[in-house]
Amino acid sequence: MKKISKRNDYLSWDEYFMGIAKLSAGRSKDPNTQVGACIVSNDKRILSCGYNGAPNGFDDDNMPWAREGKPLETKYIYVCHAEANAIDNYRGDKKSLEGSKIYVDLFPCNECAKRIIQNGIKEVIYLSDKYANTDSTIAAKNMFDACGVKYRQLEEKYQVEIELPLKADKTPYIN
């Protein structure tokens, strides 16, 4: 009997879970910034996902999606962040979030960092840290450091492009 080898171009766990976060970001209606999050247990089970958007019941057609202007005319005081939505979307026992990881496109802000810490999430894996020099991100890192929450940027070698054909006879293409 001829032994068949397994394929070598499969996704790593980090690529897989970040891919789920990126796919979740595709649900965001924000015209400028789409962020997704995926919370994963220690045994590599997806616990919850979320994306940035309007709060439940707030018609996103009436959402002020502007980035600049008076505070009430911009998205910032209205939008729910992906990390917060992923935590709020979790329907299991909150104790089960303890020790989990969260995969997210963008490094969490200080408000999301507080939610991550309060819910016992112990590691943040992110793609972009484009706001690294802002007070919000610096505060988030200070809190993570003080509370023992690890954070790391997904290594570039694991940042792959995935074509996801949504047809029954096609398999994903990993580049």
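FYI, the numbering just counts along the sequence from 1.
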Co-membership, hydrophobic cluster, residues Ile39 and Ile116, 4.5 Å side-chain: yes
Distance-minimising heavy-atom pair for Asp60 and Ala54: CB-CB, 4.1 Å
CG/Asp135: more than 12 non-hydrogen atoms of other groups inside 6.0 Å: no
Within 6.0 Å of CG in Asn133, more than 12 heavy atoms from elsewhere: no
Rounded distance (nearest 0.5 Å) linking atom CG of Asp30 with atom NZ of Lys75: 3.5 Å
Minimum heavy-atom distance Ala113-Ala140, with the two atoms named: CB-CB, 3.7 Å
Nearest heavy atoms of Gly50 and Ala86, plus distance in Å: N-CB, 3.7 Å
Hydrophobic cluster identity match, Ile125 and Leu97, side-chain contacts under 4.5 Å: no
Test side-chain contact (heavy atoms from CB on, under 4.5 Å) applied to Met63 and Val79, step by step: CA-CA 9 Å; Met63 179 86 164; Val79 75; 3.7 Å; yes
Trp65 side chain to Asn32 backbone, donor-acceptor under 3.5 Å: no
Sequence neighbours excluded, every pair satisfying side-chain hydrogen bond (donor to acceptor under 3.5 Å, both in side chains) that has a member inside residues 78-93: Asp88-Arg115
Which residues share a side-chain contact (heavy atoms from CB on, under 4.5 Å) with Ile138, sequence neighbours left out: Asn142
Interatomic spacing from CG in Asp61 to NZ in Lys29 - rounded to 0.5 Å: 8.0 Å
Separation between OH of Tyr151 and NZ of Lys122, rounded to the nearest 0.5 Å: 14.0 Å
Close side-chain approach of Ile87 and Lys94, heavy atoms under 4.5 Å: yes
Rounded distance (nearest 0.5 Å) linking atom OG of Ser48 with atom CD1 of Ile20: 12.5 Å
Over 12 foreign heavy atoms within 6.0 Å of NZ, Lys150: no
Pairs meeting criterion salt bridge (Lys or Arg N to Asp or Glu O under 4.0 Å) with involvement of residues 99-114, two or more places apart: Lys22-Asp105, Lys101-Glu123, Glu111-Lys114
Aromatic plane relationship, Trp13 with Phe17 - under 30° parallel, 30 to 60° tilted, over 60° perpendicular: parallel
Residue pair Ser100 / Ser41: nearest heavy atoms and the distance that separates them: CB-CA, 4.3 Å
Joint hydrophobic cluster, Tyr16 plus Leu47, side-chain heavy atoms closer than 4.5 Å: no
Aromatic plane relationship, Phe107 with Tyr126 - under 30° parallel, 30 to 60° tilted, over 60° perpendicular: perpendicular
Shared hydrophobic cluster for Val40 and Val124 (ILVMFWY, side-chain gaps under 4.5 Å): no
side-chain hydrogen bond (donor to acceptor under 3.5 Å, both in side chains) involving Ser28 - partner list, sequence neighbours excluded: Asn52
Gln118, CD atom: more than 12 neighbouring heavy atoms under 6.0 Å: no
Intermediate values then yes/no, side-chain contact (heavy atoms from CB on, under 4.5 Å), Tyr51 and Gln34: CA-CA 7 Å; Tyr51 56 90; Gln34 299 83 42; over 6 Å; no
Test side-chain hydrogen bond (donor to acceptor under 3.5 Å, both in side chains) applied to Ser136 - qualifying residues, sequence neighbours left out: Asn110
Minimum heavy-atom distance between Cys49 and Ser24, given as atom pair plus value: CB-OG, 3.6 Å
Joint hydrophobic cluster, Ile121 plus Val104, side-chain heavy atoms closer than 4.5 Å: yes
Heavy-atom pair of closest approach, residues Asp129 and Lys141: OD2-NZ, 2.6 Å
Residues that Thr137 engages under side-chain hydrogen bond (donor to acceptor under 3.5 Å, both in side chains), provided they are two or more places apart: Thr134
